[in-house]
Structure formats: C-alpha cells, structure tokens
Colleague: 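Sharing a structure with you now.
Treat the numbers as computed from the prediction; the structure is a model and nothing was measured. Below, read A as the first sequence line, B as the second, and so on, with proteins coming before strands; counting in each chain starts at 1.
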Number of protein chains: 2
Amino acid sequence: MLTRSEEDHLKAVYALLQHSDQENGRNRTASTKAIAERLSTKASSVTDMLKKLAEKGLLKHVPYYGVKLSAKGQAAALRLVRKHRLWETFLVERLGFGWNEVHEVAEQLEHVSSDKLTNSLEEYLGHPRFDPHGDPIPDRDGNVQVRSTRPLTRCVVGERVRLAAVKGPNDALLQLLDQKGIGIGMVYHVRSRQVFDGSIELRSKEGQESTVSEQVAAQLLVEPVRP
Amino acid sequence: MLTRSEEDHLKAVYALLQHSDQENGRNRTASTKAIAERLSTKASSVTDMLKKLAEKGLLKHVPYYGVKLSAKGQAAALRLVRKHRLWETFLVERLGFGWNEVHEVAEQLEHVSSDKLTNSLEEYLGHPRFDPHGDPIPDRDGNVQVRSTRPLTRCVVGERVRLAAVKGPNDALLQLLDQKGIGIGMVYHVRSRQVFDGSIELRSKEGQESTVSEQVAAQLLVEPVRP
DNA sequence: ACAAAATATTAGACATGCCTAATTTATTAT
DNA sequence: ATAATAAATTAGGCATGTCTAATATTTTGT
Ligand SMILES: [Mn+2]
Ligand SMILES: [Mn+2]
Ligand SMILES: [Mn+2]
Ligand SMILES: [Mn+2]
C-alpha cells in the first residue's frame, strides 16, 4: 500500500523520465529539484521520500545524481497514470468538464484504490486509448500506446498533420486553443510559417483558418495523417 | 479545508446522532467509545480529534459527556454524506457494482473535494433522491428527505408496504437479500408472522413469496404504500 | 584548474494522527 | 451509599511528511 505522497512522487519521477527520454537520449535520470518543483515541495523533502521509496524497492537512488524507477516503481507509476487519465476522460466525456478543468480533480481521484473501480470505469468509457489531452492511457497490464509525434514547430509548410496531443496541458494554453477551435484529433494543413516570429498558419479540413504563435506550436504534438 | 480523518469523525458523529435520535428521544449526544468503534480507532484518539474539531467550531464537546454537531459541523457532515451516497449510486447505476460492493470505495471517493464534481455527478445521475441502500441523498443545501419508515417487525399481518431502506447495510445481509430477490422499492404483502421465531412471510406484487427471519426483518425499513 | 553557483543531502524541528498505559470521572449494582 | 465497573481523558511516545538552515557535492564559467 502506497500513500498518496509516495504515489505522487513516483508519478513525478515517471513523468520527468518520460520527458528527458523524449528530449535527450534514453536512460536519463530525474533530479531532486525537478521533482520538488513538480510537486510544489522542497528538495529536502524529496530527498527524504526518495530514500524511503528506494528502501521499498520502487526506485534506484544514487545520491547527488538522481533516480530511476525500478520495474515495481514503473508499474506503480503506470497504474496511477492510468487512473488519472481514465478519470480525466470520465470528467470530460460524461460530466461535461472542460479539458482545462479536469487536472486538479483527477489529481485527487487517481489515488482511490480499487481495481474493480478502475477496470469498470475503463469499460464504462469504452476502453478509451487517449485522455482529453491526447495522452495515452496505459492498459491494465501497464502497456502504453507509443506514437511518433513531434511538435508542430518541426513541420514543414505543406504537410498534413493530425493534432495528437498537447504537451504541457497548461490552463491558459488550453483556453487559448478552445478559443481558436483547435482540438485533439483535428487534421490540419500547414499553410505558412513566418520567418520573423515563427508563427504558423493552419487550415483545418473544414476550411477553418488559425494562426498560432511559435510558443503555442511548440506545445502542439502532431502525427502524420495516415492515408 | 478538512482532512480525511476530520471528515470521517464528523460523519461518524452525524450517523450516531441520527441513530439515537430515531431510537431514543431527540437531542442525544454521541459517545467517544461509539465513535471509536465506528472508525476502528481507539477512544483516546477520538478524544484528541474531538478537541480539535471543537476548537475549529465544528462540534460542541462536553468532556465526559459527549458531543453534538454545530451548524457548521452538521453542514460539513451532510456534504460528506451527500458525496458518499451519490458515489454509491454512481457505482451501482453506472458501473454495475453490487449494492454490497460499494461502501469501501465510496468511503474513499467521498473525500474528493470539488463542488463542481459533486454537482455534475448529481446531475449526471438524474438527481437521485435515494442511494442503493434506500438512504436519502442530501441536496446541495443540506436538505434531507424525511420519511416515516419503520422496521418490518412492527408491521401487522395483512399490511401492504414498500421496502424503503436497509438499516445496517451489512455485506452478508445484502447478499442474503439478493439471493431472496428482495430489493429496495419493492412492494410486499405481509402474509403471516410466526409466533415461535418471529419470522415473517412476504408476497411481492409479482407473486414471489419470501420468508425472512426476525433478525432480517428488523433491518428492513418499510413505508406505507400510497394506495 | 579553480572559484562561484547550482544542486543535493543532512540535521534538527514541527504538525498531524495514531497508539498504550495511567488517571479521572460517570454509571451500575449491591 | 458505596464499591465495582465502564467510559473518557491525559500523559507520553512513535511514524509520517513537511520545513529551514547548515553542509556536502557536482556543475559551470572564466
Ligand atoms: Mn495526485
Ligand atoms: Mn491529461
Ligand atoms: Mn471516508
Ligand atoms: Mn449507502
């Protein structure tokens, strides 16, 4: 049985390792400071918790270097991520929450422990594979759908892409996207890219034109359109 | 902001006061020992918590006598009861849980704090007025439906009654009722009552006959059938 | 290569919530 | 009315999770 704080620490480590895996090479390690920032605590508190989790065999801690998850820790983190994203999906799909309103509540709901609940919820939602922000929902065995996405900033003019996910589901960013009518799953034609500020002009399949700044484009993860 | 433990203590006090109000006269008080039993803790821990809650103005604590809820405490308890019963309803109605499987999970879910979540859930469920055990769900202002129910043991032969609620939703009891096909809302004709053991024979509107022991009958709360 | 800066850990403290054992107060039985 | 019993509180202790300040180690900049 893990406490709420233990679970949150594991999830933070998992998220940071995901990020660094994607940006730098494989096999990076999560830093104490980054974990503390993500959880709004202090580095010293994180060190304490890392020692505790290492003793429980959930992660490997090399003092002054950082941590990696053990198989057990990875599994626990994935179970939490699974619950978080299933609840987010429930809140948006069934209760009519906006995709920018779900994070805090899911942050609480994810800690409810009942396998029957988690699996029933998944079934009730029709086994969704992605959450409202486009992030993949791990299945009950901890398998995560892998997709080859890249930021919209890496696209060239003329490409057709589908918006797969939003990187840092920040509240203000999600509201901006709502206003522009930009949403997960939509397909866009990259019309132009300004040299001056890096802003990008998009046109949806339905003919809707939108311009996004470079800052926004960097947060939009797109995937190639199949056909 | 109340902690989980504070909330659970308030709810225990509320439940005990409800019980004693119904059985004895009005204005009874909840005892330290009863609270401890209900929460599976020790009396000394309860005393600590009662002092804390009294300082916060949530209840009135007269040492060596017992506690009553203040208006603030009553409101907080009712919010918790509301969430508990809404979640139980969700689990049964939407996720297909059995009515004997919901308590533990609802015990966790009730502590998730988000008014938007609670109210959306209520609306999603179609503003249910009773939970799967027949207990009334307080509305967002803390109003609770009052019904005049009595245990089946107080009925006389020949009466027609509707099963309104199950008193102590004990797991084994609920399973027994499931097996006999007895459920909330069903209307029964009281056919006979044995002098020897107090067992009662019932016949449902649909013609299904069931016999229940006195022990079971004492837990079945019934209300008069409207005509 | 070294000093300065950044990052991490340790030491020591505090709040919370729980426990056991000892003590106080209330209830009950004779 | 008093003694025995039950219930409640207090005292003292422990685990958890957090903090600040002091110290250790690594990384960075020149
Ligand atoms: Mn969380
Ligand atoms: Mn998400
Ligand atoms: Mn609870
Ligand atoms: Mn119930």
Side-chain angles (χ1 to χ4, degrees), chain A residues 1-13 16-17 19-20 23-25 27-69 73 76 80 107-108 110-111 113, chain B residues 1-13 16-17 19-20 24-25 28-69 73 76 80 107-108 110-111 113:
Chain A
M1 244 293 89
L2 297 175
T3 66
R4 176 168 178 169
S5 182
E6 287 171 337
E7 287 187 332
D8 280 335
H9 279 78
L10 283 176
K11 196 174 62 149
V13 172
L16 289 166
L17 291 176
H19 269 203
S20 67
E23 269 148 38
N24 318 319
N27 280 354
R28 298 283 297 109
T29 146
S31 78
T32 302
K33 195 189 182 213
I35 298 168
E37 262 162 18
R38 188 167 267 264
L39 298 177
S40 305
T41 58
K42 297 303 160 86
S44 58
S45 308
V46 171
T47 302
D48 288 347
M49 188 55 83
L50 293 181
K51 279 199 282 195
K52 192 178 158 197
L53 292 172
E55 268 163 30
K56 284 199 179 192
L58 293 159
L59 46 78
K60 243 183 305 179
H61 182 211
V62 182
Y64 290 104
Y65 280 88
V67 288
K68 283 183 200 178
L69 291 172
L80 200 66
E107 204 56 49
Q108 298 180 62
E110 70 189 355
H111 300 287
S113 94
Chain B
M1 243 293 89
L2 297 176
T3 67
R4 176 169 177 167
S5 182
E6 288 170 337
E7 288 186 333
D8 281 334
H9 279 78
L10 283 177
K11 196 174 62 149
V13 172
L16 289 167
L17 292 176
H19 269 204
S20 67
N24 319 318
R28 296 285 297 108
T29 146
S31 80
T32 303
K33 195 189 182 212
I35 299 168
E37 263 162 18
R38 189 167 266 263
L39 298 177
S40 305
T41 59
K42 297 303 158 88
S44 58
S45 308
V46 172
T47 301
D48 288 347
M49 188 57 81
L50 293 181
K51 279 198 283 196
K52 193 178 157 199
L53 292 172
E55 266 163 32
K56 285 198 177 191
L58 293 159
L59 46 79
K60 242 183 306 179
H61 182 210
V62 182
Y64 292 103
Y65 279 90
V67 287
K68 283 184 201 179
L69 292 172
L80 200 66
E107 205 54 50
Q108 298 180 61
E110 69 189 355
H111 301 287
S113 91

Colleague: Restricting to nitrogen or oxygen on both sides, can you table the protein-nucleotides 9-13 of chain C pairs closer than 3.5 Å?
Modeller:
from: C/dT9; atom 1: OP1; to: A/His61; atom 2: NE2; distance (Å): 2.6
from: C/dT9; atom 1: OP1; to: A/Tyr64; atom 2: N; distance (Å): 3.3
from: C/dT9; atom 1: OP2; to: A/Thr32; atom 2: OG1; distance (Å): 3.0
from: C/dT9; atom 1: OP2; to: A/Thr47; atom 2: OG1; distance (Å): 2.8
from: C/dT9; atom 1: O4'; to: A/Tyr64; atom 2: OH; distance (Å): 3.4
from: C/dT10; atom 1: OP2; to: A/Lys51; atom 2: NZ; distance (Å): 2.7

Colleague: Name all residues meeting the salt bridge (Lys or Arg N to Asp or Glu O under 4.0 Å) criterion together with B/Lys51; count only those two or more places apart in sequence or in a different chain, and write none if there are none.
Modeller: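 Not a single residue meets the salt bridge (Lys or Arg N to Asp or Glu O under 4.0 Å) criterion with B/Lys51.
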Colleague: Might you point out which heavy atoms bring B/Asp8 and B/Glu110 nearest each other, and give the distance in Å?
Modeller: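 Looking at all heavy atoms of both residues, the closest pair is OD1-OE2, 3.3 Å.
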Colleague: Within the structure, does a side-chain N or O atom of A/Lys33 lie under 4.0 Å from either OP1 or OP2 of C/dA6?
Modeller: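 No, because none of the side-chain N or O atoms of A/Lys33 sits under 4.0 Å from OP1 or OP2 of C/dA6.
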Colleague: Enumerate the salt bridge (Lys or Arg N to Asp or Glu O under 4.0 Å) contacts for residues 29-46 of chain B, please, sequence neighbours excluded, ordered by first and then second residue.
Modeller: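 For residues 29-46 of chain B, and leaving out neighbouring residues, the salt bridge (Lys or Arg N to Asp or Glu O under 4.0 Å) pairs sorted by first residue read B/Lys33-B/Glu37.
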Colleague: Rounded to the Å, how far apart are A/Arg4 CZ and C/dT16 P?
Modeller: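 Rounded to the whole Å, the gap is 18 Å.
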Colleague: Whole angstroms only, please: what is the NZ-P distance between B/Lys56 and C/dA15?
Modeller: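 So the NZ-P distance, B/Lys56 to C/dA15, works out to 14 Å.
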Colleague: Measuring to OP1 and OP2 of D/dT18, would you say a side-chain N or O of A/Ser5 lies under 4.0 angstrom away?
Modeller: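 True: A/Ser5 side-chain N/O within range (under 4.0 Å) of D/dT18 OP1/OP2.
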Colleague: Grab the CD1-C1' distance between B/Ile35 and D/dT9 for me, whole Å please.
Modeller: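 Whole-Å distance recorded here is 14 Å.
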Colleague: Between A/Glu37 (CD) and C/dT7 (C1'), how many Å, whole number?
Modeller: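 About 11 Å, once rounded to whole Å.
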Colleague: Sequence neighbours left out, what passes side chain to side chain contact (heavy atoms under 4.5 Å, CB included) with B/Ala76? Give chain and number order.
Modeller: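 Side chain to side chain contact (heavy atoms under 4.5 Å, CB included) check on B/Ala76 returns B/Leu2, B/Leu10, B/Arg79.
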Colleague: Sequence neighbours excluded, which residues qualify as side chain to side chain contact (heavy atoms under 4.5 Å, CB included) partners of A/Ala43?
Modeller: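 Result, side chain to side chain contact (heavy atoms under 4.5 Å, CB included) vs A/Ala43: A/Thr32.
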Colleague: Once you round it to whole Å, what is the distance between C1' of D/dC19 and NZ of A/Lys42?
Modeller: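 Atom-to-atom, A/Lys42 to D/dC19, this comes out as 7 Å.
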Colleague: Please list, chain by chain and in numerical order, all residues satisfying salt bridge (Lys or Arg N to Asp or Glu O under 4.0 Å) with B/Glu6, sequence neighbours excluded.
Modeller: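 With neighbours one apart ignored, the set is B/Lys52, B/Lys56.
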